[in-house]
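Here is the structure we will look at.
Convention: sequence-line order gives letters A, B, ...; per-chain numbering from 1. The shown structure was predicted, so the numbers you read here are calculated from the model rather than taken from an experiment.
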Amino acid sequence: MKNYWLMKSEPSEVSVDDAIAAPKSTVAWTGVRNYQARNYMRDLMRVDDGVLFYHSSCAEPGIVGIGRVASTPYPDPTQFDKKSHYYDAGSKKEEPRWQLVDVQVLKKIPNITLPELRARPELAAMLVLKKGNRLSITPVEPKHWKAIVGKS
DNA sequence: GCCAACGTTGGC
DNA sequence: GCCAACGTTGGC
């Protein structure tokens, strides 16, 4: 059974257009440094899970693309890169702390903005809409996926 | 730039 | 294990 996810990206770092322009429209989801979000990628994501690509920390936050999980988990290379903003001196190669998956964007969609998401009562329970939510990756219920994407 | 909310760190 | 201080996220 497929799972569904909402994954936040700052468009100033990796926008949906950047992802589409990448080879196979696929990007490695680097830079997650939150254990719960990591655990979702490492323990619960499967290839072909659905992904809502969300732009955060920008002028118009919202869902801008539909994609899929395109790899099994593997170590985030940026944790070992001393020049990277995401370098983690505490992570050892033999025992990497941070794992990620590849995400393939299948379709860019017109931005469904935060206010638009909030205006839809059937989406009110989405975790991303909860007050104080900061998790960059959240599970999405099938009914919410269907309400946004159409038939699964 | 502000600030609420939340996660992490570290002293005890 | 508690919890205050601090750092980060992310909308506005």
So do the side chains of A/Q79 and A/K93 get within less than 4.5 Å of each other, counting heavy atoms only?
no
Using the ring centroid of each side chain, check whether A/W98 and A/Y35 are separated by less than 6.0 Å.
yes
In terms of heavy-atom contacts, does CD of A/E60 have more than 12 from other residues, nucleotides or ligands at under 6.0 Å?
no
Between the side-chain atoms of A/R33 and the base atoms of C/dT8, is any donor-acceptor pair under 3.5 Å?
no
Mind jotting down which residue pairs meet the side-chain hydrogen bond (donor to acceptor under 3.5 Å, both in side chains) criterion with at least one end in residues 124-136 of chain A? Sequence neighbours excluded, please.
none
Show every side-chain hydrogen bond (donor to acceptor under 3.5 Å, both in side chains) that has at least one partner inside residues 17-29 of chain A, sequence neighbours left out.
A/S15-A/D18, A/D17-A/K108
From C-beta outward on A/L114, which listed nucleotide comes closest to its side chain: B/dT8, C/dG11, C/dT8?
C/dG11
Could you tell me the separation between the CG atom of A/N34 and the P atom of B/dG7, rounded to a whole number of Å?
8 Å
Rounded to whole Å, how long is the line connecting atom NE2 of A/H85 with atom P of C/dG7?
14 Å
So which of residues 54-66 of chain A are in contact with DNA chain C, with a heavy-atom cut-off of under 4.0 Å?
A/Y54, A/S56, A/S57, A/P61
Between P of C/dT8 and CG of A/D88, the distance in whole Å
13 Å
Verdict with supporting geometry, A/V32 and A/M41, side chain to side chain contact (heavy atoms under 4.5 Å, CB included):
CA-CA 10 Å; A/V32 169; A/M41 292 198 284; 3.6 Å; yes
Distance in angstrom units between A/L129 CG and C/dT9 C1', rounded:
16 Å
So, with a heavy-atom separation below 4.0 Å from DNA chain C, the residues of residues 8-18 of chain A are A/K8
What integer distance in Å separates A/W98:CH2 from B/dT8:C1'?
10 Å
Rounded to 10°, the angle between the first-five-pair and last-five-pair axes of the helix from B/dG1-C/dC12 to B/dC12-C/dG1 is 10°
Please report the C-alpha distance between A/D102 and A/Y74 in whole Å, then the side-chain angles of each, then the deciding distance to 0.1 Å, and finally whether the side chain to side chain donor-acceptor pair (under 3.5 Å) criterion is met.
CA-CA 9 Å; A/D102 290 342; A/Y74 62 97; 2.5 Å; yes
Please determine whether a side-chain nitrogen of the Lys or Arg among A/R33 and A/D76 lies less than 4.0 Å from a carboxylate oxygen of the Asp or Glu.
yes
Rounded to whole Å, CD of A/Q36 lies from P of C/dT8 at a distance of 19 Å
A/K2 bridged to A/D49 by N-O distance under 4.0 Å:
no
Show your reasoning for whether side chain to side chain contact (heavy atoms under 4.5 Å, CB included) applies to A/W5 and A/L44.
CA-CA 10 Å; A/W5 308 94; A/L44 296 178; 3.7 Å; yes
Apply the test side chain to side chain contact (heavy atoms under 4.5 Å, CB included) to residues A/L114 and A/Y54: give CA-CA distance (whole Å), side-chain angles for both, the deciding distance (0.1 Å), then the verdict.
CA-CA 10 Å; A/L114 249 194; A/Y54 180 94; 3.4 Å; yes
Distance (rounded to the nearest 0.5 Å) between A/R97 CZ and A/F80 CZ:
10.0 Å
I'd like a list of close polar pairs between nucleotides 2-6 of chain C and the protein, N/O only, cut-off under 3.5 Å.
none

Note: A/K92-A/E94 ion pair, threshold 4.0 Å (strictly below)
no
To the nearest angstrom, how far is A/N39 atom CG from B/dG7 atom P?
13 Å
Any chance you could lay out the side chain to side chain contact (heavy atoms under 4.5 Å, CB included) test for A/Q36 and A/I137, step after step, and finish with the verdict?
CA-CA 8 Å; A/Q36 195 171 350; A/I137 299 175; over 6 Å; no
Return the value, rounded to whole Å, for the distance between atom OH of A/Y86 and atom P of C/dT8.
12 Å
